[in-house]
A.B. asks: 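My structure is below; once you've seen it, I'll send some questions.
Quick note on labels: first sequence line is chain A, next is B, and so on, each numbered from 1.
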2 protein chains.
Amino acid sequence: MKSNFNLDKFISDLQSFCNKTQTKSFEKGEIITTYLVNRRQVCILLEGSADLLRYDFNGNKTIVERFYRHAIFGEVFYQINTNNDLFVLAKENSKVIFFNYDIFDKKCKKNCDFHEKLLINLPNLILSKIEDLNFRIELLSKRTTREKLISYFSKQSENIFNKSFVLPLTLTDLADYLSVDRSAMMREISTLKEDGIIKKDGNKITMLID
Amino acid sequence: MKSNFNLDKFISDLQSFCNKTQTKSFEKGEIITTYLVNRRQVCILLEGSADLLRYDFNGNKTIVERFYRHAIFGEVFYQINTNNDLFVLAKENSKVIFFNYDIFDKKCKKNCDFHEKLLINLPNLILSKIEDLNFRIELLSKRTTREKLISYFSKQSENIFNKSFVLPLTLTDLADYLSVDRSAMMREISTLKEDGIIKKDGNKITMLID
DNA sequence: ATAAAAATGTTGTAAAAGCAACAAGAAAAC
DNA sequence: GTTTTCTTGTTGCTTTTACAACATTTTTAT
């Protein structure tokens, strides 16, 4: 549904042509990166999924963003003020390519076509990210938990062209993502079921409306 | 406070070097552009301010984004499905430069250094936009109207390095921006005043805390 | 200068959401 | 295979927010 250009080819190009990138694998639960002031790291998720997390002074967790395959993230894309505030946690075993944003200014060697490819492909990754952010804003702008849930479910359904889909998040995480109280959300899911808007079987949801 | 590169020079470069861009002026209240499916227009606000607006089926207005000088917008940055859903309205007299995103693929003529400049500067504009979107998400993620207001006010205060600042939006628009009911927001502003968190004189707010 | 429109400010009441606590089921760890 | 941890599901109660209505002030239009 997102950008359709050949990202996989691009990724393999990145790895073969430039010695200024680094690829690492992470196990579920490992910290992929912590956002640092004055660093301009760029990360692209090649495999797996991960969360950008923040814990506030009260210890409340916020899922700032959830990343899936091909997501781009790093300090470059987030205004940070203090260290250790934001970090990215692998939700599944993941593979990530890292490089510094400075790569755009300082070419690594003559005739390295890495930069050309990067300049050509990066915009697509970034535009895709902007679309995600806009959707998240649309979600969070909804006034009620019910509307948030319907929007989120509809989007999931549209993404796979199917009325039924499996939730990619636990319900606990979904509440954090929609920025609502979990128990209140559960209550709302119950009324959505009662009202015949959705059907729910475990973490499989079916939309019963258009 | 945002990106510090020389945007003004870049803008004048854009206008002088490439015949594929167009610059137009708009009076307050005029529609700058309507988002169209299958178009990939890019707009940069050179002067003034504008709102990206949506009216839902109930007629409720949402300020999707508010643009100030140097903001970048257009279909490229928003996933749209239907025409006439989203449009950009000038809040003040404004000046906007338009070009098509295809400009990145199809160079206009040999030795036109427009493209080089565009490729160099556009990322800064876009990263600045991403920062704005992230801040908006942070705001909307707050669970209470009180927290949303405090975050918004703090940000305004930090931006100009001054405890006192003039609201850039009307209170009515601020409510739409924070996605809360206006009267409920007004009530919360009252309690913020009572609790000695802020001082308010017309549309000038002073933070009384850190 | 006057009328019209928009924004601000306030309040009562109904609806929604948050908080807290707990039981039951599922998944992960040992 | 058993224990421990995490997730789901539910409910009573409190706080917050939305809705609606209206008065007042400010801004805009003519």
A.B. asks: Would you mind reading off the distance between B:R187 atom CZ and D:dA18 atom P, rounded to a whole angstrom?
C.D. replies: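 Rounding to the nearest Å, CZ of B:R187 and P of D:dA18 are 11 Å apart.
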A.B. asks: Anything under 4.0 Å to a heavy atom of chain A counts; send over the first and last such nucleotide of DNA chain C, read 5' to 3'.
C.D. replies: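 Under 4.0 Å from chain A, the extent on DNA chain C is C:dA17 to C:dA28.
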A.B. asks: Strictly under 6.0 Å, is that where the ring centroids of A:F73 and A:F67 end up?
C.D. replies: yes
A.B. asks: Could you state the atom-to-atom distance from CG of A:D181 to C1' of D:dT8 in whole Å?
C.D. replies: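 Nearest whole value for this atom pair: 14 Å.
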A.B. asks: Could you tell me whether A:E65 and A:K129 have a side-chain N and a carboxylate O separated by less than 4.0 Å?
C.D. replies: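 A salt bridge links A:E65 with A:K129.
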A.B. asks: Scan B:K148 against the nucleic acid and name what it touches under 4.0 Å (heavy atoms): base, sugar-phosphate only, or nothing.
C.D. replies: nothing
A.B. asks: Strictly under 4.0 angstrom, non-hydrogen atoms only: write out the protein contact profile of nucleotides 22-30 of chain D, one letter per nucleotide from the 5' end, B, S or -.
C.D. replies: ------S--
A.B. asks: Where the side chain of B:S94 meets the backbone of B:E92, is there a donor-acceptor pair that is under 3.5 Å apart?
C.D. replies: yes
A.B. asks: Reckon A:S183 touches a base, only the sugar-phosphate, or nothing at all at heavy-atom distances under 4.0 Å?
C.D. replies: base
A.B. asks: Report the distance from atom CE of B:M186 to atom C1' of D:dT17, rounded to the nearest whole Å.
C.D. replies: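 Atom-to-atom, B:M186 to D:dT17, this comes out as 15 Å.
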A.B. asks: Who passes salt bridge (Lys or Arg N to Asp or Glu O under 4.0 Å) against B:R187, sequence neighbours left out?
C.D. replies: none
A.B. asks: Specify the residues of residues 165-178 of chain B, ordered by number, for which at least one heavy atom lies under 4.0 angstrom from an atom of DNA chain C.
C.D. replies: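 Output list: B:T170, B:L171, B:T172.
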A.B. asks: By side chain to side chain contact (heavy atoms under 4.5 Å, CB included), which residues pair with A:S183, not counting sequence neighbours?
C.D. replies: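 Partners of A:S183 by the side chain to side chain contact (heavy atoms under 4.5 Å, CB included) criterion, ordered by chain and then number, come out as A:D181.
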A.B. asks: Could you pull out the closest heavy-atom pair between A:D195 and A:R146, with the gap in Å?
C.D. replies: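 Heavy atoms only, the tightest pair is OD2-NH2, 2.8 Å.
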A.B. asks: B:E147 CD to D:dT16 C1': how many Å, rounded?
C.D. replies: 12 Å
A.B. asks: Among residues at least two apart in sequence or on other chains, which ones pass side chain to side chain contact (heavy atoms under 4.5 Å, CB included) with B:K91?
C.D. replies: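 Side chain to side chain contact (heavy atoms under 4.5 Å, CB included) check on B:K91 returns B:S49, B:D51, B:R66, B:D173.
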A.B. asks: Nearest whole angstrom, please: distance from the P of D:dG9 to the CD of A:E194.
C.D. replies: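 In whole Å, D:dG9 P and A:E194 CD are 14 Å from each other.
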A.B. asks: Considering every strand and a 4.0 Å limit on heavy-atom distances, what is the contact class for A:R146: base, sugar-phosphate, or nothing?
C.D. replies: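 Contact class for A:R146: none.
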A.B. asks: Calculate the interatomic distance between A:I189 atom CD1 and D:dT8 atom P; express it in whole Å.
C.D. replies: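 In whole Å, D:dT8 P lies 9 Å from A:I189 CD1.
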A.B. asks: Do B:K155's NZ or CZ and the ring of B:F135 fall within the cation-pi criteria of under 6.0 Å and 45°?
C.D. replies: yes
A.B. asks: Give the rounded distance in Å between these two atoms: CG of B:L149 and P of D:dT16.
C.D. replies: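 Computing the B:L149:CG to D:dT16:P distance gives 14 Å.
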A.B. asks: On the ring face of B:Y101, is B:R39 found with NZ or CZ under 6.0 Å from the centre and within 45° of the axis?
C.D. replies: no
A.B. asks: Using a 4.0 Å heavy-atom cut-off, does B:K200 contact any base of the nucleic acid, only the sugar-phosphate backbone, or nothing at all?
C.D. replies: sugar-phosphate
A.B. asks: Can you tell me how the ring of B:F153 sits relative to the ring of B:F165, calling it parallel under 30°, perpendicular over 60° and tilted otherwise?
C.D. replies: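 Judged by the thresholds at 30° and 60°, the geometry between B:F153 and B:F165 is tilted.
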A.B. asks: Is it true that a side-chain atom of A:S154 and a backbone atom of A:Y152 form a donor plus acceptor pair closer than 3.5 Å?
C.D. replies: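 Looks like no, no N/O pair under 3.5 Å.
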